[in-house]
Amino acid sequence: MSRYDFSSIEKKWRDHWQANPIQDENSDKPTHYCLDMFPYPSGEGLHVGHWRGYVLSDVLSRYKILQGYHVLHPMGWDAFGLPAENHAIEHGIHPAVNTAENIRTIKRQLKEIGAVYDWDREINTTDPAYYKWTQWIFVQMFKKGLAYEKDMPLNWCPKCKTVLANEEALGGECERCKSGVTKKMLRQWMLKITAYADRLLADLENLDWPEKVKKMQADWIGKSYGAELDFEVENSDQKIRVFTTRPDTLYGATFMVMAPEHPLVARLVSAEQAEAVKDYVQRAASRSSVDRMSDKEKTGVFLGCYAINPLDRDMKMPIWISDYVLADYGTGAIMCVPAHDERDFEFAKKFDLYIRQVIIAEGEDANKPLEEVYTNDGLMINSGRFNGMNNRQALEEISQEAEKMGIGKQTTNFKLRDWVFSRQRYWGEPIPIIHCPTCGIVPVPEDQLPVLLPDVESYLPTDTGESPLAAVTEWVNTTCPTCGIAAKRETNTMPTWAGSSWYFLRYADPHNDEQLAGSEALKKWLPVDYYVGGVEHAVLHLLYARFYTKFLYDIGAVEFEEPFVKLFNQGMITRHGRKMSKSIGNGISPDDIISQYGCDALRLYELFVGPPAMDSDWDDSGIEGVFRYLTRTRKLFNQYKDNTIEATPEMTRLRHLFIKDISQRLDNLTMNTVVSGFMEHTSTLTDLAKKAGGIDAETMDALTIMLAPFAPHLAEELWQMRGNKDTVFANEWPKYDESQIKSDTLNLAIQVNGRLRGQLTVDANASKEDVLSQAKTELAKWLDGMQIVKEIYVPGKIVNIVVKQ
RNA sequence: GCCCGAGUGGCGGAAUUGGUAGACGCCCGGGACUUAAAAUCCCGUGGGUUUCGACCCGUGCCGGUUCGAGUCCGGCCUCGGGCACCA
């Protein structure tokens, strides 16, 4: 038997499904929405690493179809973004042209995977009919005060020449080009995602998502509980407000540090220190965040003035500025407790500031000098009437005390910052805003949406912080929709995340031009039941999409608060241990694999390569194994398709075991072991068939149906080979009966003192005494001359005889 | 520094959650078929000792619990990932 002719089989069924879809669009079955994170249509096309998630979601979709669901499994394009724009800059070709070309390639590739994508629902974020609604959402946010303009120091990527959101500038590096990010003072559009911080955090709890992703989001939102406290400044009527999570350490606050950008710095600085402070502030402003973070040692300058510790008014706290205090977290100023905070300790050591210990480990000598920072819990010392109290309790009581004194209140703080939403680039949705000299900021009226992205002469970004759109004067100059006088359009565009923050809604009703999606369609399909994609979007796309959904819920546009019920992150496929990419030259094109082995084999290997949630290394010869399996299965059906016999007891038992193993493993998403299961059980079936001279119809049916989600082309072929006229997907997933799996005999391991000494086959109904006496006969040579201490029998598993000399 | 993962044959990985470690596959070796090769099929394949019946040792390291530990507990080591001055 030679290798099976996959190419004609696969072509035949692809064409057949195109003409005869396996699902009825008007079905009234219960619905299931299985979604892939839609791709950016990169010029590199897809490599086999991308396919891992797509195969997984396709298998799950087909499984759901066989379980009687009407499944929505759509695909589309997240097509705004820098690569297309950079390509345009280099070649002078409009990004839309290049993007369309890339989409054609990837769409062809996706069709060859044999996926059940519903191409009638294809969406493209750069389509004006789509981004009309992206802009509409922005206008709604503006109306609710959630989109606002602000001057602030922002992450600026000098290479991409645009501002970046905090989420795009992790570790001070541009998410796209890895350049060091600098700060630039610019007037930018912001989205008030912080207004949703509490809900975004609280609702994580109920999501069926990987714990890792939930934790990453929770950390990113970063809620902390503490108090805001006001400190008087000596010889001044100014007060400095700080945020602290440790009010219990208030007696140990011996100095204070403010961010260099803090508005009070200029007012408080003494004449003697003015020069030094000015230098420091300027230097801090000019340094990139990478620079600032790479500092090994703390830096700072004394302001020349003192704050007063409210609980110990004799304690004069020198006020410093330092860039280790962040201007945009808390109040931009901190009380420093060097004895109990590592950073404050380091700062105090560097500048020789007073350290006062206020918490001590239980049982420790209070007079022993503090040698290193103590951050654990303990008992209060040097803290007036709180001495001897547990510090956790002191935290409560000192907070209350501060509140009573009118100098503080309990509060919470978030690490999450508002979302910098404008980009100084061409290839994005224009922000639908008009600047009018008399009316100010006016949103484009909804009936005038979309604001079309105009053509430009040059796509080059500028250094001025202005988008290339600013040069298109005939587009920029418009009239105010409110008062009608000459006005100018906003020239910034939206970040690429804008379109992807709500696309999953659009698939439900992709051609609606009245609403972003009709409520009937939304009710039918949403929220997404199963979302499959890479972990790299843990705090970007997934957080933004949750925010958008909550906002749309608040304005009544959708009826659910969380977009994705269940999330699965597939692992990366590497080659020689490295991520596949064109620049490294280790990418493997699915096109080549398909022409050599067919897409069913590729699908199976994508699953067999390793546990779906873990990274796996692509092995060129590994696919041989699954290909051989498909060949053997084809051969088996060729041989026995007409030899249907009565099921032998062994065959019946195998069928139930086969169904159980595949079903359970599939439900657990351990796809690699599903493939193992197919191989193992099909091999057993082959042996049984040889012995019996045929296979029963029910077993052949079950195998074919179970194979269908994994190798749909071959399964459909096998189904047809046996004379069936309908599609294999019209069947129901086969069921198993546990009682049919039980065998008449049990194979037991027998041990002496926990060491394996043999095997025993016993009747399944044998009594404990019976089994033990058989085992002892078998173990005679090990028990001879020994005293039996204990006899253990775990039914169906093991016998262990414990002996001693 | 902090927070997650993960360490099992030559390799990718299984192990029904405390019960026969190494399923399934790759690679490799032997055989059948063939003029030959490819393809296919069968057998072998953790290490060691061996009187060929079997016996020792083996899941990163050290210790513990248990009749029994890859799995549970305590302490380390290594690798991968995430966050990183958030007061």
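Throughout, a chain's letter reflects where its sequence line sits, starting with A, and its residues are numbered from 1.
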**Message:** Work out how far the P atom of B:rC28 is from that of B:rU17, and round it to whole angstrom.
**Reply:** 37 Å
**Request:** Run through A:R241, A:K239, A:K409 and flag the one making a salt bridge (Lys or Arg N to Asp or Glu O under 4.0 Å) with A:D230.
**Result:** A:R241
**Item:** N or O in side chain of A:Y629 less than 4.0 angstrom from B:rC24 OP1/OP2
**Value:** no
**Message:** Just to be sure I understand the rule, does A:D219 reach a base, reach only the sugar-phosphate, or reach nothing, if contact means heavy atoms closer than 4.0 Å?
**Reply:** nothing
**Request:** Could you give the distance separating B:rU49 and B:rG68 at their C1' atoms, to the nearest angstrom?
**Result:** 26 Å
**Prompt:** Under 4.0 Å between a side-chain N or O of A:R755 and OP1 or OP2 of B:rC67?
**Reply:** no
**Item:** Nearest-Å distance once atom P is located in both B:rG19 and B:rC2
**Value:** 35 Å
**Prompt:** In Watson-Crick or G-U wobble terms, both distances under 3.5 Å, what is the partner of B:rG5?
**Reply:** B:rC79
**Message:** Counting only side-chain nitrogens and oxygens, does A:T631 get under 4.0 Å of the OP1 or OP2 atom of B:rA39?
**Reply:** no
**Message:** Does B:rC4 have its OP1 or OP2 closer than 4.0 Å to a side-chain nitrogen or oxygen of A:K212?
**Reply:** no
**Prompt:** A:H681 has an atom NE2; how far is it from atom P of B:rU16, in whole Å?
**Reply:** 15 Å
**Prompt:** Using atom C1' of each nucleotide, how far apart are B:rG13 and B:rU65 to the nearest Å?
**Reply:** 30 Å
**Message:** Measuring from the side chain of A:K635 (C-beta onward, heavy atoms only), which nucleotide among B:rA14, B:rA87, B:rU40 has the closest atom?
**Reply:** B:rU40
**Message:** Say we look at B:rG22 and B:rG44: how far apart would their P atoms be, to the nearest angstrom?
**Reply:** 14 Å
**Message:** Mind checking if A:V609 touches a base, just sugar-phosphate, or nothing, with heavy atoms under 4.0 Å?
**Reply:** sugar-phosphate
**Request:** Assign B:rG82 to syn or anti; the rule is syn for a glycosidic angle within 90° of 0 and anti otherwise.
**Result:** anti
**Message:** Does the structure show a Watson-Crick or G-U wobble partner for B:rU34, both distances under 3.5 Å? Name it, or say none.
**Reply:** none
**Pairing partner of B:rG22 (Watson-Crick or G-U wobble, both distances under 3.5 Å)** = none
**Prompt:** The side chain of A:K298 lies closest to which of these nucleotides: B:rG19, B:rA21, B:rC85?
**Reply:** B:rC85
**Message:** If I take atom CZ in residue A:R757 and atom P in nucleotide B:rC67, what distance separates them, rounded to the nearest angstrom?
**Reply:** 19 Å
**Prompt:** Considering heavy-atom distances to RNA chain B, does A:V799 or A:D328 have its closest nucleotide positioned more toward the 5' end?
**Reply:** A:V799
**Request:** Compare side-chain N and O positions of A:N672 against OP1 and OP2 of B:rG25 and report whether any pair is under 4.0 Å apart.
**Result:** no
**Asked** Side chains of A:D615 and A:T574: do they bring a donor and an acceptor to under 3.5 Å?
**Response** no
**Message:** As a test of the definition: with a 90° window around 0 for syn, would you call B:rU35 syn or anti?
**Reply:** anti
**Item:** Under-4.0 Å side-chain N/O to phosphate OP1/OP2 contact, A:R628 with B:rU40
**Value:** yes
**Asked** Closest to the A:R632 side chain: B:rA14, B:rA23, B:rC41?
**Response** B:rC41
**Request:** Would you mind telling me which residue lines up with the more 5' stretch of RNA chain B, A:D617 or A:Q751, judged by nearest nucleotide?
**Result:** A:D617
